[in-house]
Trainee: 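Can you keep this structure in mind? I'll have questions shortly.
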There are 2 protein chains.
Amino acid sequence: MTEKTPEYWMKLALDEAKRAESLDEIPIGAVLVDLETNTLITKAHNITQMTQNSLNHAEKVCLEHAMTLRGEKVLPNTALYTTLEPCPLCATAISFSRIKKCYFAAGDPKAGAVIHHTKLPTMHPHFFKTEYIQLKGSIEQDSIQLLKNFFQKQRKHS
Amino acid sequence: MTEKTPEYWMKLALDEAKRAESLDEIPIGAVLVDLETNTLITKAHNITQMTQNSLNHAEKVCLEHAMTLRGEKVLPNTALYTTLEPCPLCATAISFSRIKKCYFAAGDPKAGAVIHHTKLPTMHPHFFKTEYIQLKGSIEQDSIQLLKNFFQKQRKHS
């Protein structure tokens with residue numbers, strides 16, 4: 001049996017990102033895990049094109065789906081895995097959902113709001129104290145490469 | 001015929017906030033207006049309790065509803081009216097939706113992200129250049145009062 005480590009869950013998030021890519025969506029994936037049982041709650045990818053909703057980032061979709069599944073507006077004792085550093089919308093959604101831990105792979109020097117720019121989780125008052133952990137290494141590189149390829153292909157077609 | 005001024009639209013947003021209050025939701029309302037025709041696109045109020053979704057702030061619900069109505073992920077040439085200064089989630093949603101103007105009534109010294117704290121629209125890079133306008137005066141006071149009464153009542157019941 002595969003041990004369900006943070007790398008295991010991030011790999012699942014990366015699979016979601018690849019699914020997004022195959023649907024011509026921005027390749028970003030997210031996975032929500034119950035920290036008590038170390039089991040999957042739900043997973044999602046970016047669906048901004050499919051739904052024509054520019055807010056439908058992987059993390060936001062994943063969190064809202066989990067709220068629907070549980071019938072609860074907060075998701076205590078859970079960990080969110082995302083292939084890209086959350087933007088300000090998703091970082092705030094993570095705080096409102098009271099996510100305990102958030103693992104991310106690639107940093108986002110353009111739109112990230114966790115380790116870049118406005119660094120909301122530390123700079124905005126009253127944010128829930130989510131622990132953010134960057135998983136560097138090969139998964140990080142895979143996520144960066146997936147995004148690079150996608151945007152290169154988009155530029156060729158525009 | 002009533003002239004449809006910004007105050008007129010904000011009054012409609014305040015009516016939405018009052019509707020929220022009557023449903024035991026946080027009394028915040030939002031209205032989206034087509035700037036070309038000066039007509040209503042849609043309106044909404046906070047529904048975080050009803051939907052058990054902590055992201056369902058008035059502005060976010062209003063914008064997503066308009067995207068669904070129009071089948072488009074951006075809402076150019078529109079103005080959003082909201083009774084409270086947007087939080088970081090809603091300010092980012094406003095940017096992603098490419099809202100031209102955002103009128104707000106009460107400032108939010110606790111969670112606001114437009115004129116308070118991280119001031120996302122000016123401090124976060126690549127935000128869409130939404131023009132933010134605060135409508136001060138009696139509507140602002142009405143919005144503040146509505147929120148004060150709501151939270152006082154909540155404290156009494158807790």
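Chain A is the first sequence line, chain B the second, and so forth, proteins listed ahead of strands; every chain is numbered from 1. Every heavy atom of this structure was used, including side-chain atoms; hydrogens, water molecules and symmetry mates were not. The model shown is predicted, which means the values in this text are computed figures rather than measured ones.
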Trainee: As an exercise: rank B:R98, B:K119, B:H116, B:E72 by heavy-atom pairs under 4.5 Å with chain A and give me the winner.
Mentor: B:E72

Trainee: Specify the closest pair of heavy atoms between A:L55 and B:S97, including all atoms of both residues, with the distance to one decimal.
Mentor: CD2-OG, 4.2 Å

Trainee: Run the salt-bridge test on B:K60 and A:E64 with the 4.0 Å N-O cut-off and return the result as yes or no.
Mentor: yes

Trainee: Could you please spell out the steps behind the side-chain contact (heavy atoms from CB on, under 4.5 Å) verdict for B:K110 and A:H126?
Mentor: CA-CA 8 Å; B:K110 191 178 163 194; A:H126 312 295; 3.4 Å; yes

Trainee: Under 4.5 Å heavy-atom distance to chain B, tell me which part of A:H57 shows up: side chain, backbone, both or neither.
Mentor: side chain

Trainee: Is there a path from A:L89 to B:L75 through hydrophobic residues (I, L, V, M, F, W, Y) whose side chains come within less than 4.5 Å of each other?
Mentor: yes

Trainee: Which atom pair, heavy atoms only, marks the closest approach of B:L120 to A:L120?
Mentor: CD2-CD2, 4.2 Å

Trainee: Could you give the distance from CG (B:L63) to CG (A:N53), rounded to the nearest 0.5 Å?
Mentor: 9.0 Å

Trainee: Enter the distance from A:M67:CE to B:T48:OG1 here, rounded to the nearest 0.5 Å.
Mentor: 10.0 Å

Trainee: Specify the closest pair of heavy atoms between A:P88 and B:T92, including all atoms of both residues, with the distance to one decimal.
Mentor: CB-OG1, 3.2 Å

Trainee: What part of B:C87 gets within 4.5 angstrom of chain A, counting heavy atoms only: side chain, backbone, both, or neither?
Mentor: side chain

Trainee: Would you compute the distance between atom NE2 of A:H117 and atom CE of B:M123 and round it to the nearest 0.5 angstrom?
Mentor: 11.5 Å

Trainee: Count I, L, V, M, F, W, Y as connected when their side-chain heavy atoms are under 4.5 Å apart, and connections chain through other members. Are B:Y81 and B:Y132 then in the same cluster?
Mentor: no

Trainee: Return yes when atom NZ of A:K129 has more than 12 non-hydrogen atoms of other residues, nucleotides or ligands closer than 6.0 Å, and no otherwise.
Mentor: yes

Trainee: If you group Ile, Leu, Val, Met, Phe, Trp and Tyr by side-chain heavy-atom gaps below 4.5 Å, do B:I139 and B:L84 land in one group?
Mentor: no

Trainee: Could you see if A:L23 belongs to whatever hydrophobic cluster contains A:F150? Use Ile, Leu, Val, Met, Phe, Trp, Tyr and a side-chain cutoff under 4.5 Å.
Mentor: no

Trainee: side-chain contact (heavy atoms from CB on, under 4.5 Å), that's the test. Do A:K73 and B:Q49 meet it? Break it down for me.
Mentor: CA-CA 8 Å; A:K73 66 179 179 174; B:Q49 279 301 114; 2.3 Å; yes

Trainee: Which atoms form the tightest heavy-atom contact between B:F96 and A:S54, and what is the distance?
Mentor: O-OG, 3.4 Å

Trainee: Indicate, with yes or no, if B:L146 and B:I28 share a hydrophobic cluster defined by side-chain heavy-atom contacts under 4.5 Å among Ile, Leu, Val, Met, Phe, Trp and Tyr.
Mentor: no

Trainee: Give a yes or no on this: more than 12 heavy atoms of other residues, nucleotides or ligands lie within 6.0 Å of atom NZ of B:K136.
Mentor: no

Trainee: Please look at A:H124 and chain B and tell me whether the side chain, the backbone, both or neither of the residue comes under 4.5 angstrom of a heavy atom of that chain.
Mentor: both

